Amino acid sequence: MEDVKIWEEVLKEAKKHCSDDVVSTWIKPLQMVEVRGDLITLQAPNKFYKNWVEEKYLDTLKKIFNEGLSIDADVLIITGDAPKAQAVSQIASPSAAVADYKIPASSNLNRDYIFENFVVGSSNQFSHAACLAVSEGHFQKYNPLFIYGGVGLGKTHLMQAAGNRIMERFPKLKVLYITSETFTNEMIQSLKTKKMDEFRSKYRNIDMLLFDDVQFLAGKQRSTEEFFYTFNTLYESQKQIILTSDKTPSEIPELEERMRSRFAWGLIADIQAPSTEEKAAIIMKRADIMNLKLSDELGIFLAENIKTENIRELIGALVRLSAYASFHNEPLSIALARKSLDKFLVRKDKMVTEENIIDAVTGYFNVKMSDLKSKKRTKSISLPRQVAMYILRSKLNISLQEVGELFGGRDHSTVLHSVQSIEKKCRDDKEIQEIIATLEKSLYS
Ligand code: ADP
Ligand code: MG
């Protein structure tokens with residue numbers, strides 16, 4: 001069979017194993033460069049691509065050749081040298097900027113998570129500074145260091161950057177990164193196999209413990225207990241502890257008080273959602289690491305239009321865009337971004353209706369419209385009512401009176417009072433600001 005024919009067969013077979021999307025995105029762009037003896041060589045457009053296919057689809061490809069086509073051969077994926085004049089820059093592996101010192105695998109550290117790859121802005125300045133300070137090696141100063149912030153805002157990256165820096169500067173120290181979930185699972189396993197002594201000594205004979213997502217300990221009594229003793233042992237022997245969480249200690253009431261109060265002994269630092277400028281800087285930095293040529297204009301466009309504050313998702317969108325450009329052999333541009341990221345972009349021109357707003361507000365607060373129309377004045381009802389009135393007024397061209405009618409015939413001065421009260425709160429009440437921002441975002445997504 002000719003190579004071209006073989007490849008056609010492969011694609012046909014592939015559809016039996018993978019979705020059309022996967023076939024067209026990952027399998028089709030491969031080129032069969034050689035079938036020789038017991039080795040089939042496939043060429044991927046670039047390294048990022050090669051890694052992905054190797055990790056996810058190599059076994060399937062082997063199966064297709066061996067079983068589907070009865071070609072008893074091994075499969076090798078290589079990358080081609082990109083022609084110099086190619087419009088699209090190569091996508092390098094995101095791990096291009098890695099540290100060059102040795103870290104023992106037992107530390108569980110990821111070498112990509114280093115300070116050099118981290119963009120500092122006002123949203124994360126404080127936590128960044130705290131992690132830097134800790135990685136100077138003055139362990140007593142900020143101990144424990146407790147970092148809190150929303151999902152995908154860089155907590156894990158920062159805490160590991162501190163660990164990596166310590167490994168770089170003090171290779172003899174023992175650093176251990178662990179998520180609270182893994183800690184719990186290991187503990188359960190050790191209990192079952194009666195190896196608690198081993199478990200304990202693993203966690204108590206280290207110099208720096210990076211304990212990620214501590215909020216998952218909440219409600220897990222046995223793990224909390226075990227962690228409590230680990231914490232105390234390390235703390236008393238002046239070992240550094242860094243914790244992360246998506247909430248502050250006081251916002252995790254299910255966690256024992258003695259644990260929460262200990263978390264507050266050292267320094268509590270927060271990470272906020274990135275501003276548009278910070279998002280742009282992160283995108284540009286990541287593009288740099290990926291060896292992508294991204295114009296400032298496109299960087300800013302992405303920062304302004306990708307509707308997420310989660311940096312993981314932001315980077316995901318960039319990877320998607322570059323993959324798309326690469327497959328279609330087109331240069332990166334705003335037009336291409338619009339095409340390939342359609343679903344991820346904020347749509348500013350979307351029409352919002354009264355119904356959308358009411359649905360969003362009642363859904364968010366989990367209240368019924370009939371309650372909002374009623375005379376009830378408890379906070380759980382009046383706050384959503386006021387918020388709904390405020391958003392209706394600010395997003396739609398609708399009179400105070402009309403708003404009043406929507407809410408069981410309230411008169412316009414009541415509506416005005418509600419709207420003004422939210423306006424005022426928007427200026428200095430963080431919680432309200434967040435509620436409004438979340439609701440507005442949901443309206444335009
Ligand atoms: P969290 O632990 O808060 O959920 P992560 O630390 O896992 O978030 O970060 C999510 C992704 O975003 C990671 O790939 C991380 O490298 C990246 N990231 C987060 N913050 C920054 C930043 N300030 N600069 C560069 N990359 C960042
Ligand atoms: Mg994390």
Side-chain angles (χ1 to χ4, degrees), residues 48 51-52 91-99 107-132 134-135 145-165 175-184 209-218 241-248 251-252 268-292 294 299-300 302-303 306-323 344:
F48 164 75
N51 291 345
W52 189 273
I91 312 170
S93 146
S95 60
V98 292
S107 71
N108 297 334
L109 286 171
N110 177 338
R111 283 159 166 264
D112 296 339
Y113 291 153
I114 50 179
F115 287 117
E116 290 78 358
N117 290 346
F118 192 83
V119 175
V120 187
S122 56
S123 66
N124 54 32
Q125 214 163 31
F126 187 35
S127 289
H128 175 260
C131 283
L132 261 186
V134 163
S135 51
L145 170 59
F146 188 100
I147 301 172
Y148 77 92
V151 176
L153 299 185
K155 301 181 297 295
T156 301
H157 188 140
L158 263 187
M159 82 172 351
Q160 290 217 20
N164 273 310
R165 180 62 63 83
V175 176
L176 180 59
Y177 166 85
I178 193 89
T179 64
S180 65
E181 278 181 311
T182 311
F183 180 86
T184 302
L209 176 65
L210 309 174
F211 200 76
D212 209 357
D213 289 322
V214 66
Q215 74 274 6
F216 290 127
L217 281 186
I241 302 157
I242 306 183
L243 304 141
T244 71
S245 164
D246 62 356
K247 303 182 187 81
T248 64
E251 285 167 344
I252 325 175
I268 299 185
D270 67 330
I271 301 190
Q272 297 292 333
S275 63
T276 305
E277 290 75 24
E278 288 173 90
K279 278 162 89 177
I282 291 167
I283 289 175
M284 297 310 287
K285 175 101 185 184
R286 184 49 69 125
D288 215 31
I289 295 173
M290 290 164 68
N291 245 332
L292 279 178
L294 203 68
I300 292 165
L302 294 174
I306 294 172
K307 56 179 182 205
T308 182
E309 283 169 346
N310 181 328
I311 296 169
R312 190 174 298 117
E313 289 176 5
L314 196 67
I315 293 170
L318 181 66
V319 170
R320 190 186 160 91
L321 170 64
S322 65
F344 303 86

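For ligands, and for the atoms within them, numbers begin at 1 and follow the listed sequence. Heavy-atom basis, side chains included; hydrogens, waters and symmetry copies ignored. As the structure is a computational prediction, the values presented were derived from the model and not from experiment.
Classified by interplanar angle (parallel below 30°, tilted 30° to 60°, perpendicular above 60°), the ring pair H128/F115 is perpendicular.
Side-chain contact annotation: T184 with E181, donor-acceptor N/O pair under 3.5 Å absent.
Side chains of M159 and S127 form no contact here, defined as non-hydrogen atoms less than 4.5 Å apart. Side-chain contact check for N110 versus T156: every heavy-atom pair is 4.5 Å or farther apart.
Counting only distances under 2.8 Å, and ignoring water, the protein N, O or S atoms around the Mg ion (ligand 2) are T156 OG1.
No donor-acceptor pair closer than 3.5 Å links the side chain of N117 to the backbone N or O of Y113.
The line from CD1 of I283 to CG of L318 is 6.5 Å long, rounded to the nearest 0.5 Å.
When the ring pair (Phe, Tyr, Trp, His ring centres under 6.0 Å) test is applied to F146, the partners found at least two apart in sequence or on another chain are F263. Taking Y177 as the reference, nothing meets the ring pair (Phe, Tyr, Trp, His ring centres under 6.0 Å) condition, with sequence neighbours excluded.
Nearest heavy atom pair, residue I147 against residue C131, reads CD1-SG, 3.5 Å.
Enumerated by chain and number, the residues approaching ligand 1 to less than 4.0 Å through a heavy atom are Y113, N117, F118, V119, N124, G150, V151, G152, L153, G154, K155, T156, H157, I282, R286, I311, R312, I315.
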